[in-house]
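One structure below.
In what follows, every heavy atom counts, from backbone to side chain, and hydrogens, waters and symmetry copies are set aside.
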Amino acid sequence: MREFSEQELVRREKLEKIRDLGIDPFGHKYPVTDYSLDIKNKYKDYSHEELENANVEVSVAGRIMFIRKMGKASFFSLKDKLGNIQVYISINDVGEDVYSLFKTADIGDIVGVKGHLMLTGTGEITVKCLEYTHLVKALRPLPEKYHGLSDVEERFRRRYVDLIMNDEARKVAFARPKIIRSIQHYLDSLGYVEVETPILGTILGGAAAKPFVTHHNAQNIDMYLRIATELNLKRLLVGGMDAVYEIGRIFRNEGMDKKHNPEFTTIELYKAYSDLEGMMDITEGIVSTCAMELNGTYEVDFLGHHISLAPGFRRVHMVDLIKEKTGIDFFQVTSLEEAKKLAEEHGVEIENHFQFGHIVNAFFEKFVEDTIIEPTFVFGHPIEISPLAKKDPKDPRFTQRFELFIIGSEYANAFTELNDPIDQYERFEAQLKERELGNEEANDMDIDFVEALEYGMPPAGGMGMGIDRLVMLLTGSETIREVILFPTMKPLKEYSSAKKVKEIKVENLNSSNVEIEPLFLDYIDFDTFSKADYRAVKIVDCEAVEKSEKLLKFILNDGTSRPRTILSGIHEYYEPEELIGKTAIAIVNLPTKKMMGINSEGMLISAVHSENGREGLHLLIVDDSIPAGAKLY
């Protein structure tokens with residue numbers, strides 16, 4: 001049974017009083033003809049006399065955000081979709097019964113007001129209320145004193161309250177559809193046609209990513225939620241639709257961090273008889289047009305950088321950028337062995353399935369990617385990481401592909417599209433071999449797509465762009481969850497009604513299957529042990545490290561005034577969001593170690609064992625009552 005606070009009980013009593021007056025406490029249709037911001041913009045230059053003589057009648061509705069009661073007259077602030085406007089209400093204007101009804105109002109209630117505009121003594125445009133209509137009784141109080149929700153997780157979980165209290169969140173919510181409309185209008189003006197393609201499919205393709213899997217009951221088959229829209233859009237080029245685009249949801253069953261959400265929005269577009277240069281031009285046009293139409297300027301301040309999104313983005317080959325940073329010219333590297341040697345010499349990690357192109361890309365990610373600030377088209381990606389792009393005729397180890405980077409992040413990915421069905425079939429086969437070598441994100445063989453190409457697809461350019469990241473850039477939002485109205489969140493256990501696909505029986509650990517590392521036989525003296533500084537640390541933030549399947553990046557409070565960053569390879573065992581707010585144990589006086597370009601300042605302590613040949617790991621989590629910085633003895 002639900003329990004209510006004292007405030008909530010008082011509001012429920014008021015609700016019954018409103019009912020007793022014959023008024024529906026949850027309201028009916030109301031004729032809204034005016035909005036706060038429009039009123040202020042239109043009449044901001046009127047003097048007191050001019051506004052009074054104009055006798056402007058308005059009808060507004062919204063949520064009460066502030067009340068100042070003064071006996072027989074009161075002021076309150078009304079918030080509508082565009083902002084706030086002050087209302088003056090007096091018993092002399094609305095009568096005793098209506099004023100008594102108003103006196104039952106609480107902050108958060110929704111009301112309608114009809115009246116005339118006036119200026120107060122302080123020069124504030126105000127609605128003088130002549131008709132007051134109760135619309136909705138709010139049964140829960142809003143967060144106090146306009147502070148909104150201070151808990152970040154709670155903000156995203158209760159986005160509706162965040163939008164009420166946080167003007168910046170509301171601004172972003174309205175900006176996002178404006179950006180999408182800007183893209184649509186820009187492409188429509190160039191003759192593109194917006195289309196819709198299926199979300200469910202039986203083939204995994206169009207990108208390198210782990211999918212969500214669901215089951216189609218009627219056909220009794222497992223299906224994927226799409227990880228890209230690419231292949232179906234290119235099928236439309238085969239069918240004669242020369243210029244198409246789709247803005248749609250994509251689903252990737254991967255980690256969550258400041259830049260990634262499992263469910264996100266992209267635009268993909270394809271243009272027959274175009275190429276990589278054409279895609280650079282249209283991508284540049286989309287970004288610059290959206291910036292100007294949303295903000296009225298090409299200038300953007302984001303993540304501590306001031307940049308320009310004016311047309312004229314830099315265009316440079318990946319190999320040339322690597323040479324700028326390292327002095328290595330991969331155009332002159334002719335063998336896999338030579339590439340592996342260079343990787344070893346420069347501390348670049350390589351995996352079992354890595355070929356020449358994978359190593360080139362690893363160099364780019366380690367030495368170049370984070371250093372790109374101004375909008376830059378990086379082109380010439382290796383063929384091994386570009387299974388759907390056309391080969392570069394000058395050097396077939398590379399492709400006619402680009403990525404747009406801004407402030408160290410990728411914003412768009414484009415190709416001169418591969419339309420050779422024989423080459424495409426061979427690349428699908430190469431992807432299958434990569435999967436056998438351990439690349440879980442390699443594509444499936446899509447024989448239907450190969451057969452579509454055999455009918456003939458025109459030479460074409462194609463581009464994909466993340467809408468969420470573009471919105472982040474243009475609104476100054478530092479996390480993807482700020483620009484998605486309802487980001488993916490772990491459900492609260494007490495309210496979760498999601499049905500489990502299958503019950504998981506948790507069994508006691510069978511110690512007969514467990515192996516632990518033997519105890520050390522060598523002793524150390526107490527002085528040596530005492531030099532290791534073990535501290536309790538509060539996990540302030542945690543996110544997956546981009547381009548790494550194992551590493552999590554922790555921002556820790558170690559009891560000092562400076563946040564501590566530690567990287568730990570435990571992503572296989574934990575998702576970042578489940579660790580935020582926990583108290584862990586760390587060694588804080590180890591030498592700083594650089595991993596994936598990030599300085600790691602210590603080590604978090606975990607307990608490890610082996611069970612049936614598989615490593616088990618538990619991060620050492622301690623009681624939250626232990627203060628940050630408490631030393632272990």
Evaluate whether atom [atom1] of [X] has more than 12 neighbouring non-hydrogen atoms of other residues, nucleotides or ligands under 6.0 angstrom away.
{"X": "Ile422", "atom1": "CD1", "result": "no"}
{"X": "Lys340", "atom1": "NZ", "result": "no"}
{"X": "Glu344", "atom1": "CD", "result": "no"}

Review point. Taking atom types as modelled, is there a side-chain donor on Glu615 or Tyr573 under 3.5 Å from an acceptor on the other?
Key: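 There is such a pair (donor and acceptor under 3.5 Å, judged by atom type) between the side chains of Glu615 and Tyr573.
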Review point. With distance as the sole criterion, is a donor-acceptor pair present between the side chains of Glu194 and Tyr192 under 3.5 Å?
Key: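 On atom types as modelled, these side chains do not qualify, holding no pair under 3.5 Å.
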[X] to [Y] - nearest heavy-atom pair and separation:
{"X": "Ala584", "Y": "Leu604", "result": "CB-CD2, 4.1 Å"}
{"X": "Ala544", "Y": "Asp257", "result": "O-OD2, 3.0 Å"}
{"X": "Ala460", "Y": "Leu237", "result": "CB-CD1, 3.6 Å"}
{"X": "Leu336", "Y": "Phe354", "result": "CD1-O, 4.2 Å"}
{"X": "Glu293", "Y": "Ser182", "result": "OE1-OG, 2.8 Å"}

**Study point:** Asp188/Arg181 ion pair, N-O < 4.0 Å
**Key:**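 Arg181 and Asp188: not salt-bridged.
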Practice item. May I ask you to decide if the ring planes of Phe367 and Phe363 are parallel, tilted or perpendicular, using 30° and 60° as cut-offs? Key: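 Rings of Phe367 and Phe363: tilted, 30 to 60°.
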Review point. Any idea how His609 and His618 line up, ring-wise: parallel (<30°), tilted (30 to 60°), or perpendicular (>60°)?
Key: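 Geometry flag for His618 against His609: parallel rings.
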Review point. For the rings on Phe330 and Phe364, is their centre-to-centre separation under 6.0 Å?
Key: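 Ring-ring flag for Phe330/Phe364: false, centres at least 6.0 Å apart.
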**Study point:** Worked verdict on Thr265 versus Arg176 for side-chain hydrogen bond (donor to acceptor under 3.5 Å, both in side chains)
**Key:** CA-CA 11 Å; Thr265 304; Arg176 183 185 178 105; 3.2 Å; yes
